[in-house]
Amino acid sequence: MTVTRGRRQRHPQAHAEKSERQRYRVKRAIFAVCLVLLAAALAALGTWQVERLAWKRDLIVRVDQRVHAAPVPAPARPDWNKINATDDEYRRVIVSGTLANDKETLVYASTALGPGYWVMAPLTFADGSSILVNRGFVPTDRRDPASRREGEVSGPVEITGLIRMTEPKGSLLQSNDVAADRWYSRDVAAIAQKRGIGTIAPYFIDADATANPGGLTVIAFPNNHLVYAITWYGLAAMVLALLVFILRGERAPA
């Protein structure tokens with residue numbers, strides 16, 4: 001009877017220990033799977049950055065070729081629907097018309113020269129259509145057109161510049177307030193509607209300094225994708241190293 005009682009006392013304890021070991025194995029397996037998934041996600045981010053690196057290098061080469069090429073006539077009205085960022089953005093063009101300075105729009109900008117505004121004015125053609133032109137940058141103390149009359153070019157002009165794509169709705173931080181006439185991006189359609197401009201090109205031109213004092217186009221493409229890729233791959237390797245360390249530690253007692 002004594003032996004039987006002893007067996008009955010040990011059996012629940014052994015069962016509890018077995019259940020605890022099973023629960024521990026399940027938790028360890030779940031943790032290991034989570035580490036594998038995390039490493040896979042980090043490696044995927046690294047691969048994405050490698051792909052972005054190739055895309056950015058191609059973009060830099062393509063834009064550099066365009067901005068240093070001889071200017072060509074700006075796309076005419078029949079070709080406006082064909083304009084796209086991949087084929088046309090930063091293409092150097094030349095266009096002639098008359099600036100409607102009375103319909104200019106100031107778009108807030110933060111540049112190397114400090115805070116201020118892009119001066120956007122429509123360049124009109126004989127058929128009544130227009131292209132919005134970024135005439136350049138002015139500091140905040142020259143917001144009033146009366147303070148920069150010398151830069152108000154009148155009569156027929158020929159402008160050389162770069163094709164840029166419209167920037168709808170606003171910047172990353174602030175949306176355009178059309179009703180209050182506060183602009184944080186160069187939204188061609190919205191500006192045209194606000195200023196009562198009829199037919200207008202779906203793109204705008206960043207003018208250079210030719211017949212346009214204040215022209216300021218800065219082309220800079222941050223290219224940190226290689227650093228990001230190394231970082232993500234490094235984190236993935238660290239997670240895998242942690243997984244190996246844990247699995248080896250579990251085998252050690254055996």
Side-chain angles (χ1 to χ4, degrees), residues 48-49 52 55-56 59-60 62-63 66-67 74-75 77 80-93 95 97 99-124 129-145 147-148 151-152 159 161-208 212 214-225 228:
W48 176 64
Q49 287 297 333
R52 292 283 294 175
W55 169 82
K56 183 61 70 65
L59 174 65
I60 291 172
R62 187 168 66 249
V63 169
R66 290 178 184 175
V67 299
R77 186 172 174 177
W80 284 356
N81 62 338
K82 302 175 185 177
I83 301 298
N84 63 83
T86 302
D87 298 326
D88 301 293
E89 190 160 30
Y90 294 105
R91 187 147 56 93
R92 197 158 173 251
V93 296
V95 64
L99 285 168
N101 295 311
D102 58 324
K103 294 184 178 181
E104 75 175 26
T105 298
L106 299 181
V107 179
Y108 181 79
S110 180
T111 71
L113 301 178
Y117 302 93
W118 299 122
V119 179
M120 310 294 295
L123 184 75
T124 60
S129 62
S130 304
I131 291 180
L132 199 62
V133 175
N134 177 10
R135 299 195 54 240
F137 174 82
V138 294
T140 53
D141 60 356
R142 303 196 71 185
R143 177 188 177 102
D144 188 350
S147 66
R148 43 184 167 84
E152 298 293 310
I159 290 177
L162 305 176
I163 288 180
R164 300 295 306 276
M165 298 296 106
T166 184
E167 301 165 347
K169 298 183 180 181
S171 67
L172 291 175
L173 301 178
Q174 290 179 290
S175 298
N176 293 326
D177 187 342
V178 179
D181 206 19
R182 294 194 185 102
W183 303 90
Y184 302 97
S185 75
R186 295 161 290 194
D187 187 335
V188 172
I191 290 174
Q193 184 177 14
K194 179 68 175 179
R195 293 291 177 262
I197 304 169
T199 305
I200 193 165
Y203 62 94
F204 66 92
I205 294 176
D206 264 347
D208 62 17
N212 178 53
L216 176 66
T217 299
V218 178
I219 300 175
F221 298 103
N223 188 12
N224 300 315
H225 298 294
Y228 296 152

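Since we're looking at a predicted model, the values are computed, not measured.
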Quiz prompt | side-chain hydrogen bond (donor to acceptor under 3.5 Å, both in side chains) partners of Thr124, counting only residues at least two apart | solution = none
Self-check item: Non-hydrogen atoms of Tyr108 and Trp118 that approach each other most closely
Solution: O-CD1, 4.5 Å
Practice problem: Name all residues meeting the side chain to side chain contact (heavy atoms under 4.5 Å, CB included) criterion together with Gln49; count only those two or more places apart in sequence or in a different chain, and write none if there are none. | Solution: Arg52, His225, Tyr228, Ala229, Trp232
Practice problem: Using the test side chain to side chain contact (heavy atoms under 4.5 Å, CB included), find all partners of Lys194 that sit at least two apart in sequence or belong to another chain. | Solution: Val178, Asp181, Trp183
Quiz item: Among all residues two or more places apart in sequence or in another chain, which pass the salt bridge (charged side-chain N to carboxylate O under 4.0 Å, His left out) test with Arg92?
Solution: none
Quiz item: So, for Trp80 and Ser129, which heavy atoms are closest and what is the spacing to 0.1 Å?
Solution: CH2-CB, 3.9 Å
Quiz item: Do Arg186 and Leu132 come within less than 4.5 Å of each other through their side chains, counting heavy atoms only?
Solution: no
Self-check item: The single option from Val133, Asn101, Leu106 passing side-chain contact (heavy atoms from CB on, under 4.5 Å) against Val119
Solution: Leu106
Quiz item: Taking atom CG of Asn176 and atom CZ of Arg182, what is their separation to the nearest 0.5 Å?
Solution: 12.0 Å
Practice problem: Identify the two heavy atoms, one from Met165 and one from Phe204, that lie closest to each other, and give their separation to 0.1 Å. | Solution: O-CE2, 3.2 Å
Quiz prompt | Ile159 side, atom CD1; Asn134 side, atom CG - distance, nearest 0.5 Å | solution = 10.0 Å
Exercise. Mind checking the OG-CG spacing from Ser130 to Leu99? Nearest 0.5 Å is all I need.
Key: 10.0 Å
Quiz item: Does anything in residues 106-121 pair up under salt bridge (charged side-chain N to carboxylate O under 4.0 Å, His left out), and if so which pairs, sequence neighbours excluded?
Solution: none
Quiz item: If you look at every heavy atom in Asp88 and Lys82, which pair is closest and at what distance?
Solution: OD2-O, 3.8 Å
Quiz prompt | Nearest atoms (heavy-atom pairs only) where Ala192 meets Ile200 | solution = CB-CG2, 3.8 Å
Quiz prompt | All pairs passing salt bridge (charged side-chain N to carboxylate O under 4.0 Å, His left out) where residues 102-123 contributes a residue, at least two apart | solution = Glu104-Arg148
Quiz prompt | side-chain hydrogen bond (donor to acceptor under 3.5 Å, both in side chains) partners for Arg143, two or more places apart | solution = Tyr117
Self-check item: With sequence neighbours excluded, residues passing side-chain hydrogen bond (donor to acceptor under 3.5 Å, both in side chains) with Asp87
Solution: Asn84
Practice problem: List in chain and number order the residues that pass side-chain hydrogen bond (donor to acceptor under 3.5 Å, both in side chains) with Asp177, two or more places apart in sequence or in another chain; answer none if no residue qualifies. | Solution: none
Exercise. Could you tell me whether the side chain of Thr199 reaches within less than 4.5 Å of the side chain of Arg77, counting heavy atoms only?
Key: yes
Quiz item: Listed by chain and number, what are the side chain to side chain contact (heavy atoms under 4.5 Å, CB included) partners of Thr166, not counting sequence neighbours?
Solution: Pro168, Asp187, Val188
Quiz prompt | Any pair counted as salt bridge (charged side-chain N to carboxylate O under 4.0 Å, His left out), so long as it reaches residues 107-116, sequence neighbours left out | solution = none
Exercise. Could you pull out the closest heavy-atom pair between Leu123 and Gly97, with the gap in Å?
Key: CD1-C, 3.5 Å
Practice problem: Please identify each residue that fulfils side chain to side chain contact (heavy atoms under 4.5 Å, CB included) with Gln174, with sequence neighbours left out. | Solution: Ser171, Tyr184
Quiz prompt | Minimum side-chain heavy-atom gap Tyr90-Arg164 below 4.5 Å | solution = yes
